[in-house]
Amino acid sequence: MRGTAEGPGTTPARERIAEAAIRVIDRQGFDVVSVRSVAQESGLSAGTVQYHFGSRRELLLAALDRSVERQVQRVAQARGVHTCRASLTRTLRELLPLDGVRHEDAAVWVSFGAAASTREWLVEPYWAHTELFRSMVQEALERAAHEGRLRAGLTPGVAAPLVTALVNGLTLDHLNAPGHVGVEMEAALDRGLSLIVSD
């Protein structure tokens, strides 16, 4: 939900390498990503990694794109027939650092957000994903407004940044929290959304 899919050039090997880079970012940090560290994590040779991604920058951007692609897929699978707020809560929880790949993708999002503040080459791709995330949220809020579920005084355009700030804030606050805090995080998401969208 925070961006777009990787694109037509994706192959199983490129996907495997990008996912290995995601795991390196999650476990060791953004600055540890290199051809060598990703080769070791992926089980492929350094030459294979370098063949698919000619530079560290390409490798990092592929990790960001793949992470966003995974989030979009989870959000699409989470949609169902629910009340407006329940649907939003169900889909947005897929972006929180609750476990497994959700934690990995949250770590990538936070890492790239921090890195973009000091690396000019990251600003545009990171902002493009952020804007798409906000536009997708705004579309959901437009449906809520059409159903009369948006709180008085709010428009979809005003409410969308509030929702993205809620999700990003919970992600940042809980990324390294103990596992049992997940229930509290989900409850906080629903409480926050209840101030924006009614049942």
Side-chain angles (χ1 to χ4, degrees), residues 1-79 90-119 121-134 136-137 164 167-168 170-172 174-179 182 185-186:
M1 197 158 178
R2 289 180 175 136
T4 59
E6 223 181 302
T10 303
T11 65
R14 286 176 64 87
E15 187 173 294
R16 178 176 170 182
I17 293 165
E19 292 193 350
I22 289 169
R23 291 192 300 274
V24 171
I25 293 167
D26 179 41
R27 297 172 191 165
Q28 302 175 63
F30 180 94
D31 291 321
V32 177
V33 173
S34 67
V35 169
R36 182 178 295 177
S37 66
V38 172
Q40 185 174 10
E41 179 64 36
S42 68
L44 299 170
S45 70
T48 299
V49 173
Q50 201 147 33
Y51 171 78
H52 288 285
F53 299 100
S55 68
R56 180 174 183 271
R57 182 177 295 191
E58 287 180 28
L59 190 53
L60 285 164
L61 289 173
L64 176 61
D65 287 343
R66 178 59 185 150
S67 176
V68 168
E69 181 183 45
R70 297 189 325 183
Q71 292 174 78
V72 170
Q73 289 170 347
R74 289 199 308 274
V75 164
Q77 290 169 356
R79 289 188 181 126
R90 183 182 167 108
T91 55
L92 292 174
R93 73 186 292 275
E94 292 303 318
L95 307 178
L96 299 176
L98 292 167
D99 55 31
V101 294
R102 289 184 291 189
H103 188 279
E104 289 176 0
D105 291 330
V108 166
W109 189 248
V110 169
S111 297
F112 275 85
S117 67
T118 58
R119 294 164 176 87
W121 59 271
L122 265 180
V123 172
E124 187 176 332
Y126 180 76
W127 185 247
H129 289 307
T130 301
E131 284 293 283
L132 186 57
F133 172 34
R134 189 171 293 132
M136 292 173 74
V137 169
T164 58
V167 173
N168 286 330
L170 288 170
T171 298
L172 186 60
H174 293 87
L175 183 60
N176 297 305
M185 188 175 15
E186 292 186 68

For residues 21-30, please give each side-chain donor-acceptor pair under 3.5 Å, one per line with the distance, not counting sequence neighbours.
from, atom 1, to, atom 2, distance (Å)
Arg23, NE, Glu41, OE2, 2.7
Asp26, OD1, His103, ND1, 2.9
Arg27, NH1, Glu41, OE1, 3.4
Arg27, NH1, Glu41, OE2, 3.0

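For Pro12, the side chain to side chain contact (heavy atoms under 4.5 Å, CB included) test picks out no residue, with sequence neighbours left out. Listed by chain and number, the residues in a side chain to side chain contact (heavy atoms under 4.5 Å, CB included) with Ala114 amount to none (sequence neighbours excluded). In this structure Arg70 satisfies the side-chain hydrogen bond (donor to acceptor under 3.5 Å, both in side chains) test together with Glu104, Asp105, sequence neighbours excluded. Residues satisfying the side-chain hydrogen bond (donor to acceptor under 3.5 Å, both in side chains) test with Ser37, not counting sequence neighbours, are Ser34. Partners of Arg57 under the salt bridge (Lys or Arg N to Asp or Glu O under 4.0 Å) rule, at least two apart in sequence or in another chain, do not exist in this structure. In this structure Ser45 satisfies the side chain to side chain contact (heavy atoms under 4.5 Å, CB included) test together with Thr48, sequence neighbours excluded. For Glu94, the salt bridge (Lys or Arg N to Asp or Glu O under 4.0 Å) test picks out Arg74, Arg102, with sequence neighbours left out. With sequence neighbours excluded, no residue forms a side-chain hydrogen bond (donor to acceptor under 3.5 Å, both in side chains) with Arg56.
Between Ser42 and Arg16, the closest heavy-atom pair is O-NH2, 2.8 Å. Across all their heavy atoms, Ala107 and Leu175 have their closest contact at N-CD1, 3.7 Å. Ala62 and Ala18 make their closest contact through O-CB, 3.8 Å (heavy atoms, listed as atom of the first residue, atom of the second, distance). The two atoms that bring Arg90 and Arg93 nearest to each other are O-CG, 3.1 Å, heavy atoms only.
Here the side chains of His129 and Phe133 are not in contact, with every heavy-atom distance at 4.5 Å or above. Between Phe112 and Val68 the shortest side-chain heavy-atom distance does not fall below 4.5 Å. Put simply, the side chain of Leu95 does not reach to within 4.5 Å of the side chain of Thr171, judged on heavy atoms. Inter-residue side-chain proximity for His174 and Leu98 is flagged as unmet; no heavy-atom pair is nearer than 4.5 Å. Taking 4.5 Å as the limit, every side-chain heavy atom of Leu61 sits out of range of all side-chain heavy atoms of Phe53.
Residues Arg66 and Glu69 are paired through a salt bridge, judged by an N-O separation under 4.0 Å between the basic side chain and the carboxylate.
Relative orientation of the Trp109 and Tyr126 rings is tilted, given thresholds of 30° and 60° on the angle between their planes.
Leu60 contributes atom CG, which lies 4.5 Å from atom CH2 of Trp121 (distance to the nearest 0.5 angstrom). Between atom CD of residue Gln50 and atom CG of residue Leu59 there is a gap of 10.0 Å, rounded to the nearest 0.5 Å. Atom CG of Leu96 is separated from atom CE of Met185 by 5.5 Å, given to the nearest 0.5 angstrom. Of the inter-residue distances, the one linking Arg14 atom CZ with Glu58 atom CD reads 7.5 Å to the nearest 0.5 angstrom.
Among residue pairs with one or both ends in residues 106-118, none qualify as salt bridge (charged side-chain N to carboxylate O under 4.0 Å, His left out); sequence neighbours excluded.
Annotation: Arg36, atom CZ; neighbour count of heavy atoms from other residues, nucleotides and ligands within 6.0 Å does not exceed 12. Other residues, nucleotides and ligands contribute only 12 or fewer heavy atoms inside 6.0 Å of the CD atom of Gln40.
Panel note: side chain Arg134, backbone Thr164; no donor-acceptor pair is recorded below 3.5 Å.
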